[in-house]
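Following: one structure in structure tokens, then a few remarks.
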2 protein chains.
Amino acid sequence: MFSKACEYGIKASIFIAINSYEGKRVSPKEIAKEINSPQAFTAKILQALVRHKVINSVKGAYGGFEVNKNELKYIKLSQIVKAIDGDNIYNGCGLGLEKCDENHPCPVHEKFKNVRDELKQMLENTSLEDLALDIKSGVSFLKA
Amino acid sequence: MFSKACEYGIKASIFIAINSYEGKRVSPKEIAKEINSPQAFTAKILQALVRHKVINSVKGAYGGFEVNKNELKYIKLSQIVKAIDGDNIYNGCGLGLEKCDENHPCPVHEKFKNVRDELKQMLENTSLEDLALDIKSGVSFLKA
DNA sequence: TATAAATAGGATAAATATATCCGAAATAAA
DNA sequence: TTTATTTCGGATATATTTATCCTATTTATA
Ligand code: FES
Ligand code: FES
């Protein structure tokens with residue numbers, strides 16, 4: 001469904017969000033440990049998220065990754081996925097035709113569209129705040 | 001969403017189904033042309049589908065790939081996807097945790113489950129016959 | 001039985017995704 | 001201003017997916 005990079009990106013963003021509630025910045029090392037991911041690879045993904053302005057980074061001593069806690073409720077899962085995996089999953093054809101076209105549909109178009117749109121809605125309606133609060137309250141987990 | 005191999009496998013199966021209605025067997029060459037895929041790679045995927053008994057092959061002169069036309073309505077998209085991509089998309093965790101566990105859910109579990117289950121329903125309820133008939137009647141298309 | 005036609009399957013190549021490493025640049029504090 | 005700390009970014013390595021090629025095996029028919 002999502003690439004490894006995207007999975008790491010989502011989990012990393014949630015962990016950053018949790019710490020930003022408390023005004024704490026976190027490093028790739030802490031993040032990788034907490035979400036059980038390869039550190040250097042995770043760092044690369046964080047860079048991409050910074051470039052796409054999903055999260056913010058501060059270089060140098062006492063730096064790290066953070067996110068404005070007032071924006072947490074406006075940062076949606078869809079932004080993270082789009083930044084890392086692109087928008088093929090939202091708009092692309094399920095059977096890989098060059099483009100998904102109502103007027104030239106692939107065999108699964110009508111049925112696939114429903115699933116794809118529900119996924120889209122889900123990602124667009126889920127904020128980093130929603131996810132971070134569930135982790136904080138122990139309802140969900142970032143690693144096994 | 002699906003691997004390239006899986007996309008080719010689905011489209012190939014549909015084309016085979018259409019021809020099997022008319023008692024015709026088809027070759028990887030014809031299939032690849034019709035679904036716009038690399039021929040040798042497509043042949044490998046067909047082998048896998050034969051091993052998983054989704055389609056049938058006949059070697060030698062006048063041979064080719066076919067599927068029992070009386071079974072077309074019982075062959076579901078889910079069988080093809082499972083044969084090629086495995087069942088991770090049905091049962092796996094959306095964020096890559098080792099397993100999807102109600103009692104130890106990842107942050108997106110509750111919301112992801114709905115989408116995943118709808119996809120599963122869709123694949124299990126769609127038969128090769130449904131898809132083949134739409135192609136035959138010109139409602140949908142196998143390539144751009 | 002010999003021949004031609006077709007799938008099966010192993011070996012290999014190319015492309016992409018995943019992962020690691022290291023030096024450069026930026027920044028806070030001593 | 002120097003030092004320690006931390007992200008940035010390029011180069012490289014590994015694994016997986018996608019794709020190609022060639023030979024073996026099977027089969028219908030002449
Ligand atoms: S054309 Fe394939 S999903 Fe729309
Ligand atoms: S635990 Fe992640 S989807 Fe169920």
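Every chain is numbered from 1 and lettered A, B, ... according to where its sequence line falls, protein lines coming before strand lines.
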Side chains of [X] and [Y] in contact at under 4.5 Å (non-hydrogen atoms):
| X | Y | answer |
| --- | --- | --- |
| B:P38 | B:Y8 | yes |
| A:F65 | A:P28 | yes |
| A:K76 | A:L123 | no |
| A:Q47 | A:V50 | no |

Self-check item: Ion pair check, B:E129 and B:K69, cut-off under 4.0 Å
Solution: no
Using a cut-off of under 3.5 Å, enumerate the N/O to N/O pairs linking the protein to nucleotides 8-12 of chain D.
unit_1 : atom_1 : unit_2 : atom_2 : d
D:dC8  : OP1    : A:S57  : OG     : 2.6
D:dG9  : N7     : A:Q47  : NE2    : 3.0
D:dG10 : O6     : A:K44  : NZ     : 2.4

Quiz item: Hey, does the side chain of A:K11 reach the backbone of A:E34 with a donor-acceptor pair shorter than 3.5 angstrom?
Solution: no
Value in whole Å for how far the [atom2] atom of [N] lies from [atom1] of [X]:
| X | N | atom1 | atom2 | result |
| --- | --- | --- | --- | --- |
| B:N36 | D:dT18 | CG | P | 16 Å |
| B:D85 | D:dT17 | CG | C1' | 11 Å |
| B:Q39 | C:dA8 | CD | P | 14 Å |
| B:M1 | D:dT17 | CE | C1' | 19 Å |
| A:L49 | D:dT7 | CG | P | 14 Å |
| A:K29 | C:dC21 | NZ | P | 14 Å |
| A:F41 | C:dA17 | CZ | P | 10 Å |
| A:I84 | C:dA19 | CD1 | P | 13 Å |

Exercise. Verify side chain to side chain donor-acceptor pair (under 3.5 Å) between B:T126 and A:K111, making sure each step is shown before the conclusion.
Key: CA-CA 9 Å; B:T126 304; A:K111 297 185 170 190; 3.2 Å; yes
Quiz prompt | Parallel, tilted or perpendicular: rings of B:H104 and A:F141 (30°, 60°) | solution = parallel
Quiz item: Is any side-chain nitrogen or oxygen of B:Y8 closer than 4.0 Å to OP1 or OP2 of D:dT18?
Solution: no
Practice problem: Report, as yes or no, whether the 6.0 Å neighbourhood of atom NZ on B:K33 holds more than 12 heavy atoms from other residues, nucleotides or ligands. | Solution: no
Practice problem: Name the residue closer to the 5' end of DNA chain C, choosing between A:G60 and A:A40 according to the nucleotide with the nearest heavy atom. | Solution: A:A40
Practice problem: Would you classify A:Y62 as touching base, sugar-phosphate or nothing, given that sugar-phosphate means primed atoms plus P, OP1 and OP2, and contacts are heavy atoms under 4.0 Å? | Solution: sugar-phosphate
Quiz prompt | Interface with DNA chain C, restricted to residues 16-28 of chain B and to heavy atoms under 4.0 Å | solution = B:V26, B:S27, B:P28
